[in-house]
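Each remark here refers to the structure printed beneath this line.
Reminder, nothing fancy here: chain letters follow the sequence lines and each chain counts from 1.
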Amino acid sequence: MAYTVERKPLTLLERIYIPQILAGMRVTLKHLFAPNVTMQYPEERPAIPSGYRGVPTLVMDPHGREKCVSCQLCEFVCPPKAIRITPGEIPPDAPTGHVEKAPKAFDIDMLRCIYCGLCQEVCPEEAIFLQNQYSMTGYTRAEMVNDKARLYELGGTLPDQHFKWDKKKAAAEHGNAH
Amino acid sequence: MTAVFTFWAGLHPLIQGLIKGLAVIGVMFPIGGACSLVERKVSAWMQGRPGPNRALPPWLAWVPGIGLLQRLGLFHLMADGIKMFLKEDSLPGHVNKFYFLLAPVVGMIPALTTVTVVPFGAYFDSAGQMVPLVLANLDVGILAVFAVGSLGVYSLILAGWASNSKYPFLGGIRASAQLISYELAMTLSVVPVFLMINAPGGTGTLSLTDVVRFQSGTSGLHGTWFIMTMPLSAVVFLVSLFAETNRLPFDMAEGEADLVGGFHTEYGSMKWGLFFVAEYSHMLIGSGVFTLLFLGGWNPLPWVPLQTVIGWLAHLSPLLAHPLAVGLISIGIFMGKVLFFMFVFMWVRWTVPRFRYDQVMKLGWQKLLPLAIGNLIFYAIVIAVLQK
């Protein structure tokens, strides 16, 4: 439907500019003495709201066990193909032996990452999270690729209480595999 | 002290003039430079930012209280100056080299020439007569300011043309059209002031000193400043001044938004710096002329001229009535007014957005010029009746 914007003709006061300019100067003068609205960045840091999508990281459960089972779903879903996983076996005598697999290498190329959060969404093990860190810097391209150790260092431990693989282990020890 | 005075009086007038001229330049350049910093700070504060506050030479960090200077951005000023002098002075290959190099110089010359006829203070000799502090007390004062000041446009035209590229060319064309249109309104707006001070029968004068002398009375019409008796003249003059100095909202010649940098797009390092200083010098002189014409020059208040204040101060200490002290006080009052107007220039710049080119031309030719002519006719009649 046609929509007409009503345009009022300017009044005389508006056409001679001066009162309008003086009113504008009053506003700017008020701002001259108003406190600053900017943040002194490196010294002051912004408060990160919950649910912020920062740098993707790998997390461990409260027992310090790596949760990723290298199913490669995140690698598969990643739109810019920033994630590269090399799956590896876990030796049966390791403390985490009842877990089927763990990544041998897990690289996220932060030069490709678009912070979309699909990896976090798709992860069945809740092992990858986009957390608070918003600033990634480096002098070389190689520095901008987060390897597995760095990802765990950034991710830390999240206080979830699932302990899925403990339950699996207990079930296996009782003889019923599932 | 007297030895200094006799030494000074014994110097050749040429050397005296040279020293005075250098002193004035020595004050004007730092103020021009400081204004660039003040501009950045004022714009920042108006936009809710702290502005430049980081630079600090590491070997000065131990000085107590230096943090305040750092927060005021004083070292950014020095860093900018050093950068401007040390960076590569590139000369584009496609320019007309002679005129390209000539343009910044041509920009500086009128800026430094007009300052010679602008009085910036006064003292009283033993007979109680006001003696202006001015490099050249010409009787054509205001005419010289307008004549030489308007030569500044040649530097913009030269720069725009010699750069041999599109944006500077457009900037140069705009500058010439704009400056020529506002020259008329500007000149016409000050005519009533000189009608007023030139009583019939007396010797005619266009001297800026006489304008201030007229505003130095203690009662009646003589004590008023011309901004009170001729507000329309003052407004037209001020608006034209904004246009003449290429300040926003009439920033047509530079036009960062649509012309990159306008006439100085191809310029860099100190050649650009000269344009920059010339612009601020023009602003300084423009504010100075406005102060002299409409704001009573070095008189502190309407109806309270400098002489009255000096009379009061002489009661405190006879030292304050010494010509040297009087001169310094008058310069202080005058500079205070001028610097306030420099602030107004910045204040308006960060308040009013830029006019479109056709609006600028329309405002100049269709609004300000008729207004100035009408104003002139009105005051001519009023003054004719008053002075019979």
Starting at CE of Met46(B), measure out to OG1 of Thr28(A) and round the result to the nearest 0.5 Å.
4.5 Å
Nearest 0.5 Å, please: how far is CH2 in Trp45(B) from CG in Leu32(A)?
7.0 Å
Could you tell me which of Gln20(A), Lys30(A), Met25(A) has the largest number of non-hydrogen atom pairs under 4.5 Å with chain B?
Met25(A)
Worked check of side chain to side chain contact (heavy atoms under 4.5 Å, CB included) between Ile18(A) and Val235(B)
CA-CA 9 Å; Ile18(A) 303 289; Val235(B) 168; 4.1 Å; yes
For residues 7-59 of chain A, which residue pairs pass the ring-ring contact (aromatic ring centres under 6.0 Å, His included) check, not counting sequence neighbours?
Tyr17(A)-Phe355(B)
Atom group of Leu29(A) that falls short of 4.5 Å from chain B, counting heavy atoms:
both
With a cut-off of 6.0 Å (strictly less than), are more than 12 heavy atoms of other residues, nucleotides or ligands near CZ of Phe76(A)?
no
Heavy-atom count check: over 12 atoms from other residues, nucleotides or ligands less than 6.0 Å from Arg45(A) CZ?
yes
Heavy-atom contact with chain A under 4.5 Å, split by part of Arg54(B):
side chain
One pair to check against side chain to side chain contact (heavy atoms under 4.5 Å, CB included): Asn53(B) and Gln40(A). What are the steps and the verdict?
CA-CA 10 Å; Asn53(B) 63 350; Gln40(A) 296 293 296; 3.5 Å; yes
Answer yes or no: are there more than 12 heavy-atom neighbours, outside Arg49(B) itself, under 6.0 Å from its atom CZ?
yes
